[in-house]
Structures are given as C-alpha cells and as structure tokens.
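Letters go in sequence order (proteins before strands), and every chain restarts at 1. As a basis for the values below, the full set of heavy atoms in this structure was taken, side chains included, without hydrogen atoms, waters or symmetry mates.
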There are 2 protein chains.
Amino acid sequence: MGISSSQVRQDFFSFGGNGLQGYGYDVEYLHQEIRSILGLDTAHSMIIIGAGSLGHALAKHTNFAKSGFNITAIFDIKSELLGEKINDLEIRHLDSLPEFVSKNRVDIATLTVPENCAGEVAKFVIELGIKALWNFSPVEIITPEDVLIENIHIIDSLIVLGYNLKEIQT
Amino acid sequence: MGISSSQVRQDFFSFGGNGLQGYGYDVEYLHQEIRSILGLDTAHSMIIIGAGSLGHALAKHTNFAKSGFNITAIFDIKSELLGEKINDLEIRHLDSLPEFVSKNRVDIATLTVPENCAGEVAKFVIELGIKALWNFSPVEIITPEDVLIENIHIIDSLIVLGYNLKEIQT
DNA sequence: TAGATTGTTAATCGATTAACAATC
DNA sequence: TAGATTGTTAATCGATTAACAATC
C-alpha cells in the first residue's frame, strides 16, 4: 500500500505500543486492537433515505453489516415505491421517519436523494436529532458542530482520474 | 468549505495568476480556466464492467456526462442480463470487450464487479490496453506504473464516520 | 552475543498560513 | 490618495521519514 515501516510504527505508537521490541507484533491481538480503535466491534444502526438506484445498491450491499453497520430502515417519498422490499426491509414513507426515530435508535442517516432536495432532507434529519450523515449527493451540506458528515462525492474521484489521465496522455 | 483566502491564492498562483491585483478575479474566465486545468472540457469515453445494482446506479447517473465522462458500454458475464438496456445502453458480454476496445476508444474502465473477481477483471482490462481504472470494489488493486487507478472504497468512508461518532458519543 | 524488530525522539519535507509588496 | 484585493515570498505547522536506543 506504499506505507513505510516508519509510518506504521509511528501510527501504532500514537495509540500505544502493541508489539514486543525485538520480537514483533501479535498480529491477531493487534488486529483486534485496531478494530476496537476504529469502532468496528460496536454495532451501528443506519437508515437509508432515498430508494433510487443508489439507495437500492447500498441496501443490497451486505458488507456493511459485516463491519457492524446495520441498515434498519429505508425511506422515500415516492408512493409507488412504498412497501417494496429490499433484503427484507420495506421501503417506508419519509413522513414516518419522526415516528421511527422516536422508537428506534438511529446512529447514521445515509442520504441517497436527488441533489435538489439533499439540503432539505439533511435539515429534516438533523432536526430529528440524528448526529451523523453519510452523504452521497454532490451537494456541500453544512451541519451544526455536533453533527458529523461524511461525503462521498463520487464525481470528484472521477475528475481526479480524468486529470491524471490528461497528464499521462501528453 | 473551510478553505482560507491564502490557500485559494496560493493554489491559483501555482497555475499562474488569473486575477487583477487590487481589482479581483474575472469569475467566469477563472471558472473556465479551472475547468480546463481539470480537463472538464474534454470528453472521456468510459465503460462499466459489472451490471449489478451499483453498475446500474452508475449507468443511470446522468451527472457524469455533464462533466465530459460518457458511458459508452456496459459489460457483464451473467447471460440473463445480456441485452437488457440501461439508458439506451445494452448490456454486453464481457467476452466481447476485446472486440469493443479494438473498435472504440476507451479511456476509463469502471469496475463494479464482486470483490472476488475484481483483480482478475482488472488484469483482463489492463491487458487490453486501458490506462485508467475506476474501482468500486473493496479490493486493493496493484496496477503497472502507466495504468492509473482511482478507488472508491465506500466502506472506508463509513468507518471514518463510525470512528468520529465514537468520539462524539463519549 | 549477534541479529532482529519495536519504541521513541529528532530531522526532514511539504503544505498551510501569514505577511506584505504590487497595483488596480 | 485611500482602500481593496491579488501575487509572491517567508514563516509556521503538521505529517512523514530517518535514526538509533531498547530489548527480545
């Protein structure tokens, strides 16, 4: 992965030594330690808002659960989608989100909504007290200080690729 | 976006001054200049390999074309998908990729295949002479020096969110 | 003891920020 | 001329790398 041994040791060092000088690391213990630091051994409850093709793709993805991120509900506003099931999860109307939040713990809200309503939906979700947003829309969403946001701006990555390609092709 | 004026000026400076001291920037000219630097004003031909739910989602996405990234074909190996159309593009068999590449320019190959065959597909694509991969599988793919790769490791972003959430919740 | 490998500090490097000259 | 804003260099900061002591 192009990471130097120095950096690996420095990084481990900052979380406290995990190895034995002159001997090496207990890989299994270290692995568990890193999982614990990253929070991969704790369960997270996650909802998906927006059951378009990207929402569907994420809902069908089984890898998230393996890392402790459990999808607990899917919401949309299109009435023709309501009731449809994805991996045992029924698509619910966004109007029922407040009730869902009051009855269920929601750690993370995934936003796979069209860009023209991403801001509005984010606001709605934040007002319900959800503290972490996983945003797939290309919009820059401003959140209060106590609300986290992680953006997956897919096109940015494609633009980087295109830029580097330009350099290579000349 | 949390970027200082110093940084903006420094960045513009590194590509050559675009403004007028004491007056400001010609925003429209600057915008076009940046588009040109990023290569957003040149067309790229892109194929999608893997017509699963993520492949479908990307194929339906219209924003890529707006930035000059045109999806020109979709490939899969599942025979039951062949012939299905997504946005006017027919799903083709992966076996026909060599012929396609010989007849059409392909700048970028998007990999939305299951992780257990990502490496193999990448190798196949590289051997056909494609110089840029856009990889959505969670696998770390090693490419020759003259082949670019951009990874979208979706789960990494989710793990970052979970990690920061842990900090907040304590 | 010799070799190997981690822990920890110091040196280096690169990116960000600050400062101010240039100039409209 | 005074005010404003960019261009460019220097200072600062943080991350990476190098070095070597500690110790199995």
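- Remark: E127(A) pairs with no residue by the salt bridge (charged side-chain N to carboxylate O under 4.0 Å, His left out) rule, at least two apart or across chains.
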Please tabulate, for the side chains in residues 95-102 of chain B, all donor-acceptor contacts under 3.5 angstrom to protein atoms that are two or more places apart in sequence or on a different chain.
from, atom 1, to, atom 2, distance (Å)
D95(B), OD2, H93(B), ND1, 3.3
S96(B), OG, H93(B), O, 2.7
E99(B), OE2, K103(B), NZ, 2.9
S102(B), OG, E99(B), O, 2.7

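- In this structure, the side-chain hydrogen bond (donor to acceptor under 3.5 Å, both in side chains) partners of D146(B), at least two apart in sequence or on a different chain, are K131(B).
- Applying the 4.5 Å side-chain rule to ILVMFWY residues, one finds that F13(A) remains a lone member of its cluster.
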Which atom pairs, one a donor and one an acceptor, fall under 3.5 Å between side chains of residues 68-75 of chain B and the rest of the protein, sequence neighbours left out?
from, atom 1, to, atom 2, distance (Å)
T72(B), OG1, S45(B), OG, 3.2
T72(B), OG1, M46(B), O, 3.3

Exercise answer: donor-acceptor pairs, residues 50-61 of chain A side-chain atoms, under 3.5 Å, sequence neighbours excluded:
from, atom 1, to, atom 2, distance (Å)
H56(A), ND1, A51(A), O, 2.9
H56(A), ND1, G52(A), O, 3.0
H56(A), NE2, E84(A), OE2, 2.8

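- Within the nucleic acid shown, S6(A) comes within 4.0 Å of at least one base atom, counting heavy atoms only.
- With the nearest nucleotide of DNA chain D identified for both D11(A) and G16(B), G16(B) has the one nearer the 5' end.
- In terms of position along DNA chain C, the nucleotide closest to G19(A) lies nearer the 5' end than the nucleotide closest to the other residue of the pair G19(A) and S4(B).
- Applying the side-chain hydrogen bond (donor to acceptor under 3.5 Å, both in side chains) criterion to T112(B), with sequence neighbours excluded, gives no partner residue.
- Mapping heavy-atom proximity under 4.0 Å, the span of DNA chain C touched by chain A runs 5' to 3' from dA4(C) to dA10(C).
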Give the dot-bracket string for DNA chain D, reading 5' to 3', where a pair is Watson-Crick or G-U wobble with both distances under 3.5 Å, ( ) marks pairs inside the strand, [ ] marks pairs crossing earlier ones, | marks a partner on another strand, and . marks unpaired.
..||||||||||||||||||||||
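- In this structure H31(A) satisfies the side-chain hydrogen bond (donor to acceptor under 3.5 Å, both in side chains) test with no other residue, sequence neighbours excluded.
- E115(A) and S137(A) form no side-chain donor-acceptor contact under 3.5 Å, judged by distance and modelled atom types alone.
- For T42(B), the side-chain hydrogen bond (donor to acceptor under 3.5 Å, both in side chains) test picks out no residue, with sequence neighbours left out.
- A heavy-atom distance below 4.0 Å to DNA chain C is reached by these residues of residues 21-29 of chain B, ordered by number: Q21(B), G22(B).
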